[in-house]
Amino acid sequence: MTRVQAAAAAAIVLAIAACDDDDPIDTGEDFIAEMTVGAEVPPVQVVTSATGTARFEFDDDADEVSYTIDVADITGVLAAHIHGPATTSESAGVLVTLFAGPQGGTGEVNGQLTSDTFTEADNPGTVSMDSVLVLMRNGRSYVNVHTVANPPGEIRGQIQPD
């Protein structure tokens, strides 16, 4: 073995040794929506101090989206959805149901409203996972939380890559 071959072999061994197999390979994408009362379209009927954050992580290997919705100062939650396609000044139809509350709504919620996953199979006949992801990547979808006081939606935020 020549010195060049030996050096190349040593470099490969060092590169392999430097790899940490315990670190997962990131095969997904992250998204976020900061929800406020002022972002709702049409404007809310009963103004509140409610806010929220929705976080999404697309797992390409599993072809699913994990999500968590945290809210503050909100009462009577009926549902939460992803809607689209829409800009910040438009309303649109439901693409994915993220939360379905009890009839009559929840009590006061301060903290995690829901955390789960969804796949294309969870929304049969509505829209493909690819379409939802394209809308999320391009800021053309939003999350909103519907309440008893504001059935069309109390807080809303456009979904953006994080």
Side-chain angles (χ1 to χ4, degrees), residues 23-162:
D23 291 339
I25 296 172
D26 186 7
T27 60
E29 299 173 73
D30 296 329
F31 301 91
I32 190 167
E34 297 291 343
M35 297 178 287
T36 64
V37 172
E40 267 300 339
V41 176
V44 297
Q45 298 300 309
V46 179
V47 179
T48 71
S49 60
T51 60
T53 302
R55 296 185 185 282
F56 303 89
E57 182 179 342
F58 172 62
D59 182 340
D60 189 38
D61 290 338
D63 202 27
E64 70 180 11
V65 175
S66 301
Y67 62 90
T68 300
I69 300 176
D70 294 304
V71 294
D73 300 324
I74 197 164
T75 302
V77 177
L78 298 169
H81 305 107
I82 295 176
H83 295 259
T87 63
T88 58
S89 62
E90 300 171 310
S91 291
V94 173
L95 299 176
V96 179
T97 298
L98 303 172
F99 176 79
Q103 190 173 35
T106 65
E108 183 175 356
V109 184
N110 281 296
Q112 188 176 94
L113 175 64
T114 187
S115 182
D116 206 346
T117 62
F118 68 86
T119 65
E120 189 169 324
D122 294 324
N123 295 300
T126 55
V127 65
S128 71
M129 181 70 83
D130 288 340
S131 295
V132 171
L133 289 168
V134 166
L135 293 171
M136 291 170 74
R137 288 178 189 124
N138 295 311
R140 299 271 302 149
S141 61
Y142 63 91
V143 176
N144 73 343
V145 177
H146 306 263
T147 64
V148 172
N150 292 291
E154 186 161 321
I155 56 176
R156 169 182 165 158
Q158 213 72 11
I159 300 173
Q160 302 290 330
D162 187 20

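Everything quoted here is computed from the prediction, not taken from an experiment. All residue numbers in this chain count up from 1 along the given sequence.
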Before giving the answer on side-chain contact (heavy atoms from CB on, under 4.5 Å), spell out for Val143 and Ile159 the whole-Å C-alpha distance, their side-chain angles and the decisive distance to 0.1 Å. CA-CA 7 Å; Val143 176; Ile159 300 173; 3.6 Å; yes
With a 4.5 Å heavy-atom cut-off, do Asp59 and Val65 have their side chains touching? no
According to salt bridge (charged side-chain N to carboxylate O under 4.0 Å, His left out), does anything in residues 102-111 pair up with another residue at least two apart or in another chain? List the pairs. none
Can you list everything that forms a side-chain contact (heavy atoms from CB on, under 4.5 Å) with Ser128? Sequence neighbours excluded, please. Glu120, Asp130, Ser131
Considering only heavy atoms from C-beta outward, does the side chain of Gln160 approach that of Phe31 to under 4.5 Å? no
I'd like to check the salt bridge (charged side-chain N to carboxylate O under 4.0 Å, His left out) partners of Glu90; sequence neighbours left out, ordered by chain and number. Arg140
Scanning both residues in full, the closest heavy-atom pair of Ile69 with Ala80 reads CD1-CB, 3.9 Å
Thr48 vs Glu154, side-chain hydrogen bond (donor to acceptor under 3.5 Å, both in side chains): CA-CA, chis, key distance, verdict: CA-CA 8 Å; Thr48 71; Glu154 186 161 321; 2.8 Å; yes
Can you give me the closest heavy-atom contact between Pro151 and His146, atom names plus distance? O-ND1, 2.7 Å
For Val41, which residues count as a side-chain contact (heavy atoms from CB on, under 4.5 Å) partner, sequence neighbours excluded? Ser91, Arg156
State, to 0.1 Å, how close Ala86 and Ala92 come at their nearest heavy-atom pair, and which atoms those are. CB-CB, 3.8 Å
Non-neighbouring partners of Asp162 that pass salt bridge (charged side-chain N to carboxylate O under 4.0 Å, His left out), sequence neighbours left out: Arg55
Starting from the C-alpha separation in whole Å, work towards a yes-or-no answer on side-chain contact (heavy atoms from CB on, under 4.5 Å) for Thr53 and Ile32. CA-CA 7 Å; Thr53 302; Ile32 190 167; 3.9 Å; yes
Take Asn144 and His83, measure what side-chain hydrogen bond (donor to acceptor under 3.5 Å, both in side chains) needs, and give me the verdict at the end. CA-CA 8 Å; Asn144 73 343; His83 295 259; 2.8 Å; yes
For Thr88 and Gln158, run side-chain hydrogen bond (donor to acceptor under 3.5 Å, both in side chains): C-alpha distance rounded to whole Å, both residues' side-chain angles, the deciding distance at 0.1 Å, then the answer. CA-CA 7 Å; Thr88 58; Gln158 213 72 11; 5.6 Å; no
Euclidean distance, Glu40 CD relative to Asn150 CG, rounded to 0.5 Å: 7.5 Å
Any non-hydrogen side-chain atom of Tyr142 less than 4.5 Å from a side-chain atom of Met35? no
Where do Ile74 and Val71 come nearest, in terms of heavy atoms and distance? CG2-CG2, 3.5 Å
Would a 4.5 Å heavy-atom cut-off, applied to side chains only, mark Glu29 and Glu57 as touching? no
Between Ser115 and Thr68, which heavy-atom pair has the shortest distance, and what is it? OG-OG1, 3.2 Å
Any side-chain to backbone donor/acceptor pair from Asp122 onto Thr119? Under 3.5 Å, distance only. yes
For Ile82 and Phe56, run side-chain contact (heavy atoms from CB on, under 4.5 Å): C-alpha distance rounded to whole Å, both residues' side-chain angles, the deciding distance at 0.1 Å, then the answer. CA-CA 11 Å; Ile82 295 176; Phe56 303 89; 3.8 Å; yes
Determine the minimum heavy-atom distance between Ser66 and Thr117, stating which atoms define it. OG-CG2, 3.4 Å
Check residues 94-107 and write down every donor-acceptor pair under 3.5 Å in which the side-chain atom is one partner and the other belongs to a residue at least two apart or another chain.
residue: Thr106; atom: OG1; partner: Val77; partner atom: N; Å: 3.0

Are Met129 and Phe118 close enough that some pair of their side-chain heavy atoms sits under 4.5 Å apart? yes
